[in-house]
**Q** 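Handing you a structure now.
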Amino acid sequence: MLNFATGEKKIEHSVERLYSAADPAFGRAMGVLLGPAILHDNRFEALLNGDRIFPAMLTAIRDATKTITFESYIYWSDAIGKAFAEALAERARAGVKVHVLLDWVGSNKMDPTHLAVMEAAGVEVRKFHKPDCYSLARMNNRTHRKVLVVDGKVGFTGGVGIAGLWTGNAQDPQHWRDTHFRAEGPVVAQMQAVFLDNWIKATGAVLHGDDYFPALREAGDEAAQMFSSSPSGGSDSMHLMYLLAISAAHHSIHLSSAYFVPDALSTRALVDALERGVTVAIIVPGKHSDAAIVRRASRARWGALLAAGAEIHEYQPTMYHCKVLIVDGLMVSVGSTNFDTRSFRLNDEANLNIYAADFARRQIEVFNADLSQSRQISLHAWQRRPLAEKFLEHAASLVGAQL
């Protein structure tokens, strides 16, 4: 089987609620049971849409003096792909050690000239799980992580890929809505370690030393951890992280999800939260979805959530590619993970978990701004959708594990 099943035991029972997100025991569980440790003294900036995201990333790259490590799922052929290739190549020519790891599937639309420009300049470029006769079984395990670390001091992560669809300001269906995050402080070392995890898998080479892991000074007052998962290192760990966070919710859950196909346990956790009085608001893509089958599979699974009182909203202006979970206005989890089985069990994923009330409040403001451009789906409307739609959605839901 081509990785359609991992062969590992999966979580089979609901996670018992033992504490709230405000309880120190929650932090201990997230930082000890799951790991890595929660680190203090960080600073984060949320970057909305390509007009803010790409200039910040390119500026960081152009300012690099020692090392650049960059991992991405999507890297396609267009002007932004060329801009990144040229910026990375220029730094390599200047003596900066540049390492780029791209998923083989996600980068299959990459212009070969972009690759040639980088390699000619001395950039080390590797493809994750490029198929050969010895590794066909790994094809369905993709690196979906999006991590950029510059000089071991500045990190970026979130939902964007390197493609023209992410440029602009979500102004029309050809320019997607997404958020990326810039980080400074001790947690950047964990971001570097996440990149190194897959770099070792792809190359067997270990990158270390002060150029990659410098001593990091206090940059702010926000606590965080960089959390990752992989089928080769405990495929259910990201799933468990989400279940623990949802079970700890006491007041509210705000979930932005580009691909929302909840399994039975995730649905049960959200329904349990609703039944204890937690407000659950979810934003998903509307008609401008890049994956019609995923949208159908998603809609097939809304019944129990809507019946329990969840608010589900479809974003209207363009494709909604955000991946953000906010719990009780205290914890924000951002990164590459979708709310589906592929992210929970098949992909290599990475999320930055930020524990800071002020930062969470600002992200709820962003969520509410997106909500104002979304259409709420009521239980009544969901129940009255045409039979043909119900049939197609049910059929799509049957293959939900691969979506």
Side-chain angles (χ1 to χ4, degrees), residues 15 17-48 52 154-159 178-191 216-227 238 240-257 269-270 272-274 276-283 310-311 313 322-335 337 339 350-372:
V15 173
R17 175 177 163 79
L18 299 176
Y19 35 69
S20 72
D23 192 319
F26 174 63
R28 289 195 294 272
M30 298 295 279
V32 178
L33 171 62
L34 294 178
I38 297 173
L39 303 177
H40 296 268
D41 303 327
N42 305 286
R43 184 172 72 86
F44 304 101
E45 180 183 4
L47 305 168
L48 274 61
R52 290 185 61 198
V154 178
F156 294 82
T157 194
D178 212 339
T179 306
H180 225 59
F181 299 81
R182 185 183 187 277
E184 292 180 90
V187 78
V188 175
Q190 293 182 349
M191 300 174 75
L216 294 173
R217 299 176 180 175
E218 177 181 340
D221 58 2
E222 295 164 337
Q225 63 182 162
M226 186 66 175
F227 186 76
M238 191 66 77
L240 178 56
M241 187 274 285
Y242 273 76
L243 292 174
L244 281 170
I246 292 168
S247 73
H250 182 65
H251 300 293
S252 62
I253 293 171
H254 297 80
L255 176 63
S256 303
S257 184
L270 289 168
D272 286 347
L274 288 158
R276 63 176 180 267
V278 176
T279 298
V280 176
I282 303 167
I283 304 178
E311 299 177 10
H313 306 256
C322 300
K323 310 163 197 297
V324 184
L325 171 69
I326 310 167
V327 176
D328 283 354
L330 297 173
M331 172 201 174
V332 182
S333 186
V334 300
T337 307
F339 206 89
N351 270 37
L352 181 64
N353 295 336
I354 301 167
Y355 304 87
D358 286 346
F359 185 83
R361 175 184 51 77
R362 294 193 296 271
Q363 300 322 299
I364 291 174
E365 291 173 357
V366 172
F367 182 94
N368 288 335
D370 289 338
L371 203 67
S372 70

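Given the structure is predicted, the values throughout are model-derived calculations rather than measurements.
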**Q** Looking only at atom types and distance, does a side-chain atom of Asp328 sit under 3.5 Å from a main-chain N or O of Ala249, one as donor and one as acceptor?
**A** no
**Q** Using side-chain heavy atoms (C-beta onward) and a distance below 4.5 Å, is Asp358 in contact with Asp221?
**A** no
**Q** Any idea which heavy atoms bring Phe181 and Ala46 closest together, and the distance?
**A** CE2-CB, 3.6 Å
**Q** What closest approach, in Å, do Val327 and Ala21 show between heavy atoms, and which atom pair accounts for it?
**A** CG1-CB, 4.0 Å
**Q** Minimum heavy-atom separation for Ala224 to Phe44, with atom names?
**A** CB-CZ, 3.3 Å
**Q** Provide the closest heavy-atom pair for Leu325 versus Ile253 in the form atom of the first, atom of the second, distance.
**A** CD1-CG2, 3.8 Å
**Q** Take the angle between the ring planes of Phe339 and Tyr242 and call it parallel below 30°, perpendicular above 60°, tilted in between.
**A** perpendicular
**Q** Identify the two heavy atoms, one from Gly335 and one from Lys323, that lie closest to each other, and give their separation to 0.1 Å.
**A** O-CD, 3.4 Å
**Q** According to side-chain hydrogen bond (donor to acceptor under 3.5 Å, both in side chains), who are the partners of Ser333, at least two apart in sequence or on a separate chain?
**A** Asn351, Asn353
**Q** Taking NZ, NE, NH1 and NH2 as the nitrogens, is one of them in Arg43 or Glu45 under 4.0 Å from a carboxylate oxygen of the other?
**A** no
**Q** Using modelled atom types only, decide if a donor and an acceptor are shared between the side chain of Gln225 and the backbone of Tyr355 within a distance under 3.5 Å.
**A** no
**Q** So which atom in Tyr19 and which in Ala25 form the shortest heavy-atom distance, rounded to 0.1 Å?
**A** CD2-CB, 3.6 Å
**Q** Do Gln363 and Ile354 have side chains that get closer than 4.5 Å, going by heavy atoms?
**A** no
**Q** Could you tell me which residues satisfy side-chain hydrogen bond (donor to acceptor under 3.5 Å, both in side chains) with Asp370, sequence neighbours excluded, listed by chain and number?
**A** Arg177, Tyr320
**Q** Checking Ser252 now: which residues fulfil side-chain hydrogen bond (donor to acceptor under 3.5 Å, both in side chains) with it, not counting sequence neighbours?
**A** none
